[in-house]
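Only one structure is covered here, and it is reproduced in the block below.
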Amino acid sequence: MHTRSLPLGGRLVRSLLLGLAGLLFSFAVFYQSPAEKVKAYYTRHLQQLHTRLQRFQETAYTADTTSLRQQFAACRQEYKCLEFAVEYYYPHAAQRINGAALPETEPGEPGEVILPTGFQVLEEYLFATPDTRANRDLVHQEIDNLLYQLRYLEQQQPLLVFPAEEVYDALRLNLYRLAAKGLSGFDSPAAHASLPEAAATLQSAQEVLALSNAPATVTQQLERSAAAVARPGQDFNGFDRARFFTRYFNPALAALRQAQTEQGIPFTTTRRAVRPDAASFFVADAFDAGFFAPQDAAAPTPAVLALGEALFKEPLLSGKAGRSCASCHQPERAYTDGLRVNSSLLADASLERNTPTLLNAALQPDQFYDSRVHFLEDQVHAVVTNKAEMGGQLHEVPALLRRKAAYPRQFAKAFATEKQPITERNIRRAVAAYVRSLVGLNSRFDQFLRGDTTVLGNQEILGFNLFMGKAQCGTCHYLPLFNGTVPPLYDKTESEVLGVPATADAAALKLDADPGKFLLYGVAHQRHAFKTPTVRNAALTAPYMHNGVYQTLEQVLDFYNQGGGGGMGLSVPTQTLAEDKLDLTTAEQQAIIAFIKSLNDTPVAY
């Protein structure tokens, strides 16, 4: 069969078209948008992590311990290149890949126990348990769990778009995660690889921003930050976190915000505990207490706050009992009462638990030591109607308040759009709004992190570095709120089992009988679990622990230094606090106490 040849002009046109198509293809390959470059970066590291994990699994039975540990380190550093995106888009997978090696429960199914899995579980097998055949089986199985999560991420990969505003948002959140969890050792409790992993996180942020065409100012700041944590000869306990935050980390965050603004990239409108457009989570107005409030919370207008304060001090809320909220949460005592436990309204009895401070109580998604309610409004109702605490009948209170001349006018001013504003609902809302206003994040330590490095002495700076390092306090009391609300999203509050004794008498050591959170759902690992409170203003809020067993911060530091109840010899099977001795010297403990005192807030406007 013969084909008819094109005329010379046709052949030239076809040749030109083919050449143009090839040129366009080459141009498309070599030129990618910033979003496409970031996606290619993510895809490449996802593939590399998959390959490394497969090799790791293949040698799980044959390689020596040193080799396995090296492979583990390489895999998790590879994950650090992906973490900003995995945590942002697939938080459930992130939890299964690098969550704490502790059982969890979901808020929607509080009785359903989720066993831990991922890198931190694998780390325990490789660094904290004997190298046996059975242990190698567990290593092999845990790598398989990680590969399962990787395959899930690979299936989702085509859906990712990486718009610029989300890239910046994800990177910023991951830097908060690094500061609050990575540098405290939370991620690496057994391998103690926090510094090299922090360097990998910072280098990853630098690379992603370079791919996003960010200005050199921010990539250079991140490069300096990475170099600061990767400095040769630097170890975890000796790392000067205070210097790092003020000289490197905060300038990098400021440069990140400036770069986003200069490029005209909008800030996400997602509502969060930390305002998405904040320069840092260290700045004075970074946290939004309203994030933790219900949708129908009262607006914190001057009229609402004035009413809330009046009701907070009003004994009529307890009916004939004569007790107000301020009876136990005394403003002059940093909203505590100075007692081990307060007296019960029931005959010849005491309340079961110590009175916690209300300062910054708004900055957490759960209330009470056992986290049994989410909102301050519900806490108000629970306390007022509790027969032992206030003994009131909230449905009777509106009628009582109407008889006092000032209240009809105050309610009408606070809730001007309502025909009958004196209601149970508005009582709860007004008191909750007042408590929500008791936020103070302007301690000397805060001022130090915001640039005034003259306000802390050397002992206090040492104390902060110990708190975040050797003493391991920062792995539960997360910076910068120093409570158990988990950064960077602050949508969950952690509870811990510490093994708190019933008395401070070492000769009569006995575990406190309070089951804590176990009473709510009967979950075994929550027996004796209590919410991690804030360390802010702790120097003003003695005595300490849920039962008020310790009168001084020195006693508290000694308890932790010994490894909690388990380290002191008590049987605490579910203890989440490591039982190992911290080996803190007396001088180091005093330095930590000096730092804690620097967290006293300047007076809140009561």
Side-chain angles (χ1 to χ4, degrees), residues 107-108 268-278 281 284-314 317 324-326 329 331 335 356-368 371-386 389-390 392 394-395 397-398 401 407-441 481 483-486 489-493 531 533-534 604-606:
T268 180
T269 57
T270 302
R271 192 178 185 192
R272 294 204 196 98
V274 179
R275 302 176 197 277
D277 62 345
F281 68 173
D285 62 347
F287 284 87
D288 175 13
F291 169 79
F292 301 97
Q295 289 185 346
D296 69 338
T301 63
V304 168
L305 296 182
L307 173 61
E309 181 178 9
L311 293 172
F312 185 85
K313 299 174 181 177
E314 178 55 70
L317 266 64
S324 71
C325 304
H329 298 283
Y335 290 85
T357 181
L358 295 182
L359 295 177
N360 301 314
L363 301 179
Q364 53 189 357
D366 296 306
Q367 304 298 332
F368 291 114
S371 304
R372 64 182 180 271
V373 304
H374 295 307
F375 301 121
L376 288 168
E377 286 79 357
D378 296 325
Q379 185 178 42
V380 171
H381 180 272
V383 172
V384 169
T385 58
N386 186 297
E389 294 188 53
M390 289 184 68
L394 204 52
H395 66 276
V397 175
L401 295 178
Y407 281 118
R409 183 174 64 255
Q410 282 188 282
F411 272 92
K413 189 175 181 181
F415 302 101
T417 61
E418 300 185 25
K419 291 182 179 179
Q420 178 48 270
I422 305 181
T423 63
E424 292 180 54
R425 175 173 176 265
N426 286 343
I427 292 169
R428 293 195 302 270
R429 294 169 76 209
V431 175
Y434 170 66
V435 175
R436 205 166 277 126
S437 74
L438 302 177
V439 170
L441 301 175
L481 296 181
N483 63 12
T485 306
V486 183
L489 297 180
Y490 298 93
D491 55 355
K492 179 177 71 172
T493 293
K531 183 180 67 179
T534 183
V604 178
Y606 303 135

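Along the sequence shown, the residues carry numbers beginning at 1.
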What pair of heavy atoms forms the shortest contact from [X] to [Y], and how long is it?
X    : Y    : answer
M390 : V384 : CB-O, 3.6 Å
L359 : T357 : N-OG1, 3.0 Å
T493 : P365 : OG1-CD, 2.9 Å
S371 : K531 : OG-CB, 3.8 Å
A430 : L311 : CB-CD1, 4.0 Å
A362 : V439 : CB-CG2, 4.2 Å

Kindly compute the distance separating [atom1] ([X]) from [atom2] ([Y]), expressed to the nearest 0.5 Å.
X    : Y    : atom1 : atom2 : result
L438 : E309 : CG    : CD    : 8.5 Å
T485 : Q364 : OG1   : CD    : 5.5 Å
R429 : T423 : CZ    : OG1   : 7.5 Å
N360 : Y335 : CG    : OH    : 11.5 Å
D296 : E377 : CG    : CD    : 6.5 Å
F291 : L363 : CZ    : CG    : 11.0 Å

Validation row: [X], [Y] side chains within 4.5 angstrom (heavy atoms):
X    : Y    : value
R436 : P300 : no
F312 : H329 : yes
C325 : E314 : no
I422 : P408 : yes
Q367 : D378 : no

- Message: With a 3.5 Å distance limit and no angle check, can you tell me whether T534 reaches the backbone of A361 through a side-chain donor-acceptor pair?
- Response: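 Not confirmed, T534 side chain does not pair with A361 backbone.
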- Item | Pairs meeting criterion side chain to side chain donor-acceptor pair (under 3.5 Å) with involvement of residues 408-417, two or more places apart | none
- Taking it one step at a time, do T301 and F415 satisfy side-chain contact (heavy atoms from CB on, under 4.5 Å)? CA-CA 10 Å; T301 63; F415 302 101; over 6 Å; no
- Message: I'd like to check the ring pair (Phe, Tyr, Trp, His ring centres under 6.0 Å) partners of Y490; sequence neighbours left out, ordered by chain and number.
- Response: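 For Y490, the residues satisfying ring pair (Phe, Tyr, Trp, His ring centres under 6.0 Å) (neighbours in sequence not counted) are F287.
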- Message: Under the rule for ring pair (Phe, Tyr, Trp, His ring centres under 6.0 Å), what residues qualify as partners of F411, not counting sequence neighbours?
- Response: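 Not a single residue meets the ring pair (Phe, Tyr, Trp, His ring centres under 6.0 Å) criterion with F411.
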- Query: Does the distance from a Lys or Arg side-chain N to an Asp or Glu carboxylate O, for R271 and D288, drop under 4.0 Å?
  - Reply: yes
- Please test V380 against V435 for side-chain contact (heavy atoms from CB on, under 4.5 Å), starting from the C-alpha separation and ending with a verdict. CA-CA 10 Å; V380 171; V435 175; 5.8 Å; no
